[in-house]
Protein chains: 2
Amino acid sequence: MRREVTLRDVAELAGVSSRTVSNVVNGYANVTERTRERVQRAVEELGYRPNVLARNLAQGRSGQIAVVVPYLDTPYFSELLQSVIRAARVSGYNVLIDQTDGDPEHERAFIADGSRRLLFDGVIFSPLGLDQQALTNRDRRLPLVILGERSSDGSFDHVGIDDVAASRQATEHLIDLGRQRIAAIGDQPYATGEAAQRRTRGFREAHAARGRTPREDLIISTPRFNRPDGAQAMEHLLDLAEPPDAVFCYSDLVALGAIRTLLSRGLRVPEDVAVVGYDDIEDGRFSNPTITTISPDKEMIATTAVERLLLRISSPTPPAGLELRAPHKLIIRESTAGRSTPG
Amino acid sequence: MRREVTLRDVAELAGVSSRTVSNVVNGYANVTERTRERVQRAVEELGYRPNVLARNLAQGRSGQIAVVVPYLDTPYFSELLQSVIRAARVSGYNVLIDQTDGDPEHERAFIADGSRRLLFDGVIFSPLGLDQQALTNRDRRLPLVILGERSSDGSFDHVGIDDVAASRQATEHLIDLGRQRIAAIGDQPYATGEAAQRRTRGFREAHAARGRTPREDLIISTPRFNRPDGAQAMEHLLDLAEPPDAVFCYSDLVALGAIRTLLSRGLRVPEDVAVVGYDDIEDGRFSNPTITTISPDKEMIATTAVERLLLRISSPTPPAGLELRAPHKLIIRESTAGRSTPG
DNA sequence: CTACGCTTTTGCAGCGCTGCAAAGCAAAGC
DNA sequence: GCTTTGCTTTGCAGCGCTGCAAAAGCGTAG
């Protein structure tokens, strides 16, 4: 395998200094048209390609940002990621993706271990079970933007929707439909379940706002927010003496799992049990029935996150950590409203 | 911001040469226990972290591999990616993900533009609309493994399932169910639609094998393999004078879209129309009805691809390009078999 | 006591690029 | 004609690490 073509090779052929070649290649100003052309020709003749590694080292930056998510195959994250990649690309950044499998240890390692720090100029992090302390003790030199449920300690930005309000809205929708026994699937009453707990809080607030008391036995915990979790939780609920007539699910996947159980038990959605989901993933727009859901503005979350991160990267003094709220809305579909055009 | 701690700083504090520190940090053999300890202490005291960029440059490798897929939010790809990331991580590789949006131009650029070459040691590429020529003209120095439908020209490996056989199997299943008018959704009768065309070939072969002739007007082309494509194609099929009583969909997403249309038109699946999908994504296991599908062994595809890529990376002389077939199977679910436990 | 062989440590060069500051040069001003 | 000004180009050092080969240390054999 022949040696790589370097700047110096090009410089020699073009009869200029290697620094000038660098200037041309990087499109710096103040290069004569004549010189530029000559260099260009040499570049093409030799098939020169800049060595990104060397450039990174010399510049002390990598032109990459990392996005860390728990699971890639969770539609919410993959949809979000897609938007992040697009937004980053516009600014000339590559995106390195890391999947933590929701393992708090892995998450902590990623934040704490600065050795990979130089591989990317900043990180967009969507933690699942990360404790606040790990965030606070991290290497502050790495620009960070957090997605999801977490409040900023001032050293990073946080982008998310108002989960409590959104959950309250979803629950109120069920109450206003006249449902009497409303269940919630997805609580996680332990340290790393902050996200879930906010949704439970909204669920409770909705009941309080309508002068109701939630039935505690209808609040079901699940280890994750996946289809099987929803399916299993629903099984449990249907086995109760007084099963629910409505369910607020903490993700659309949970809702899809729950609906699957309901239908296979011969129940009708929404006639027998109304279902609300969360995330507005594409599945929910094509499922049978389609799913009423909380729709966070993913596009805005992604672009805001990238924008703030790039600001942090380019800023010599770290900007104050901001709490950024993206908008959300309740989208009503068949799983609560029924089929509009009855087949 | 203070200067980074370097190997030399550690060396000075520990009273050894920087090369020795490097040896310790990298766990090289032949370091006295005494020396190792002294260095370790200095490392900890200064909070030294190796500079990955510098290491990469010195070693001429990056320890990263890239995976290029058309869409991240397509479950098939995100499920596959997840397996690839896991497999790569086991071997100490990071995964850089790039999304082409299925844009042939973007795909070509990725392959042709060697400038990013050094950012990663190899590429696993799942092309959509890439012509064979771009593959052949590429920079051969970059180790490459292709996923999906493509045949190797000997300069890279190709991992995929036997699409023709799988499609034939899916279609034969529908024929054997006694269906008379079997449609196919997802053909792409143009240069970049190789993948789709193999499925169409299998579809035809199945008919031939059973002494049937496929109805040409029931073979529907779609621009992509998404839910909306399936929904729309199904609309079209149902508007025909003689609509189909079975559909072979070229992806599970297409199947989900098609089923959505069927149900909202008041038709029953599978009683009125049986549906087979392709990919075995999780959605299809929880949808209503669940989807009969071709299940490629994604885990094996991922681990094989990573394994072959790492072999290419570490091999001084490029190994011959292999055609690697992963197994697949037909999984029969409700969309053709009906509900086993009628609700 | 010297020689030898083995393990451990070192010094140096250099990966390929860019930052910096100085040098070169042409046009403009006195 | 000589200096000033402003644009181009250059040379050099160095980013922080590792490969290489030589040097040093050390125990054992002759």
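Within every chain, numbering begins at 1; the chains are lettered A, B, ... in the order of the sequence lines, protein sequences first and strands thereafter.
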Rounded to whole Å, the CG-P distance (A/N51 to C/dC15) equals 11 Å

Heavy-atom closest pair (B/P127 atom, B/L147 atom, distance to 0.1 Å) is CD-O, 3.5 Å

Of the listed D/dG14, D/dG16, C/dT10, the closest approach to the A/A58 side chain comes from D/dG14

ask   = More than 12 non-hydrogen atoms from neighbouring residues, nucleotides or ligands closer than 6.0 Å to CD on B/Q40, yes or no?
value = yes

Practice task
Answer yes when B/R108 and B/E105 have at least one side-chain N-carboxylate O distance shorter than 4.0 Å, and no when they do not.
Solution key: yes

#### Entry: Pair A/R224, A/T74: side-chain N/O donor-acceptor within cut-off below 3.5 Å
no

When rounded to whole Å, the CG to C1' distance for the pair A/N56 and D/dC15 reads 11 Å

From the candidates D/dT10, C/dG11, D/dT9, the one with an atom nearest any side-chain atom of B/R19 is C/dG11

Here the distance between atom C1' of D/dC17 and atom CG of A/L119, to the nearest Å, is 14 Å

Side-chain N or O of B/T20 versus OP1/OP2 of C/dT9: is the shortest distance under 4.0 Å? no

Letter by letter from the 5' end, nucleotides 21-28 of chain D scores (B base, S sugar-phosphate only, - none; protein heavy atoms under 4.0 Å) --------

N/O (side chain, A/S18) to phosphate O (OP1/OP2, D/dG11) under 4.0 Å: no

- prompt: Will you find, in the side chains of A/R19 and A/N23, an N or O donor that is under 3.5 Å from an N or O acceptor?
  reply: yes

Taken to the nearest whole Å, CG/A/L46 to P/C/dG16 is 14 Å

Next on the checklist: Check this for me: does the side-chain of A/R55 come within 3.5 Å of the base of C/dG16 through a donor and an acceptor?
Outcome noted: no

Judged by nearest nucleotide, the residue sitting upstream toward the 5' end of DNA chain D, B/S22 or A/V31, is A/V31

Separation of D/dT8 atom C1' from A/N30 atom CG, nearest Å, is 7 Å

B/E12 atom CD is separated from D/dG16 atom P, nearest whole Å, by 15 Å

### Message
At 4.0 Å (heavy atoms only), tell me whether A/T35 reaches a base, stays on the sugar-phosphate, or touches nothing.
### Response
sugar-phosphate

Side-chain N,O (A/Y28) to OP1/OP2 (D/dC7) below 4.0 Å:
no

*Hey, does the side chain of B/S17 come within less than 4.0 Å of C/dT9's phosphate (OP1/OP2), counting only N and O?*
no

Note: B/D73 and A/S78 closest approach over all heavy atoms is CA-OG, 3.7 Å

Exactly one of B/L57, B/N56, B/L119 clears side chain to side chain contact (heavy atoms under 4.5 Å, CB included) with A/V52, and that residue is B/L119

Side-chain contact check for A/Y48: nearest option of D/dG11, C/dT7, C/dC17 is C/dC17

Exercise. Okay, side chain of A/D9, backbone of A/T6: is any donor-acceptor separation there less than 3.5 Å?
Worked result: yes

Residue pair B/Q59/B/V16 against DNA chain C: nearer the 5' end by closest nucleotide is B/V16

When rounded to whole Å, the CG to C1' distance for the pair B/N23 and D/dC17 reads 12 Å

Across every strand shown, the nucleotide meeting Watson-Crick or G-U wobble geometry with C/dC30 (both distances under 3.5 Å) is D/dG1

Exercise for review: Using only side-chain N and O atoms of B/N26, determine if any of them is under 4.0 Å from OP1 or OP2 of D/dT18.
Suggested key: yes

**Asked** At under 4.0 Å, does any side-chain N or O of B/T32 touch on OP1 or OP2 of C/dT9?
**Response** yes

Taken to the nearest whole Å, CZ/A/R8 to P/D/dA13 is 13 Å

